[in-house]
Amino acid sequence: MLTGFKNFIMKGNVVDLAVAVVMGAAFGAVVTSIVEGLLTPLIGRLFNAKGIAEMQWEGFMYGSVIASIISFVLVAAAIYFVVIVPMNHMIERRNRRLGINPDIKEESAEDPQIALLTEIRDALQSRPL
């Protein structure tokens, strides 16, 4: 029983996922501090408020919604530029080195069911009424 648990924990996917969760939490804290410490006061000053969260209109606290949207966009942009773009470049370089060209599509074998249905259709069309 413990051996099975040890094998499960030592699988690469579990360890990678654990590292990703920890890194994501740390990265989220960095983005939150940037939004709360830099962007919120700057945008708040543009609208003569102490911060984005203080912005309201007739009791509607739209400032906190704007702050959440800014935080989401910053996290998404950071993940794209820090993780996705470099990963795509690494994959592209590896494919070039191995001689793999993703632009050239291999001829896919026709599905046998589609071929059979096409044959039946053609036979029915050629049959006199």
Side-chain angles (χ1 to χ4, degrees):
M1 186 160 93
L2 289 177
T3 304
F5 180 72
K6 180 180 140 194
N7 291 338
F8 171 73
I9 293 297
M10 296 310 289
K11 282 185 180 178
N13 294 343
V14 174
V15 174
D16 292 344
L17 182 59
V19 170
V21 168
V22 170
M23 292 297 292
F27 188 70
V30 170
V31 172
T32 300
S33 70
I34 290 172
V35 169
E36 290 177 357
L38 297 175
L39 295 178
T40 299
L42 288 174
I43 293 173
R45 287 186 188 217
L46 290 174
F47 294 98
N48 293 326
K50 289 182 179 178
I52 296 176
E54 301 293 323
M55 296 167 51
Q56 61 179 323
W57 175 72
E58 303 223 0
F60 293 102
M61 302 291 289
Y62 66 90
S64 61
V65 174
I66 292 173
S68 297
I69 291 170
I70 290 171
S71 179
F72 171 77
V73 169
L74 283 176
V75 168
I79 289 172
Y80 178 75
F81 290 112
V82 173
V83 177
I84 303 298
V85 171
M87 183 65 91
N88 287 341
H89 286 298
M90 284 181 7
I91 291 170
E92 187 178 310
R93 275 187 289 170
R94 184 202 61 189
N95 288 346
R96 263 189 270 129
R97 186 183 41 155
L98 296 175
I100 300 170
N101 190 355
D103 296 334
I104 299 174
K105 295 181 182 175
E106 295 180 18
E107 290 186 27
S108 59
E110 186 176 6
D111 185 9
Q113 290 180 345
I114 300 295
L116 179 62
L117 289 172
T118 304
E119 224 177 279
I120 293 170
R121 181 199 64 201
D122 293 343
L124 289 173
Q125 285 179 344
S126 65
R127 193 175 77 179
L129 293 173

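Sequence positions, counted from 1, serve as the residue numbers for this chain.
- Both Val73 and Val65 belong to a single network of hydrophobic side chains, linked directly or stepwise wherever heavy atoms of I, L, V, M, F, W or Y lie under 4.5 Å apart.
- Under the 4.5 Å side-chain heavy-atom criterion for grouping Ile, Leu, Val, Met, Phe, Trp and Tyr, Val30 is not connected to Val22 through any hydrophobic cluster.
- Enclosure of atom CZ in Phe72 is not indicated, since only 12 or fewer non-hydrogen atoms of other residues, nucleotides or ligands lie within 6.0 angstrom.
- Atoms CD1 and OH, from Ile69 and Tyr62 in turn, are 12.5 Å apart once rounded to the nearest 0.5 Å.
- Within a 6.0 Å sphere centred on CZ of Arg127, other residues, nucleotides and ligands contribute 12 heavy atoms or fewer.
- Residues Ile84 and Phe81 fall within the same hydrophobic cluster, defined by Ile, Leu, Val, Met, Phe, Trp and Tyr side chains chained together at heavy-atom separations under 4.5 Å.
- Other residues, nucleotides and ligands contribute only 12 or fewer heavy atoms inside 6.0 Å of the CD atom of Gln113.
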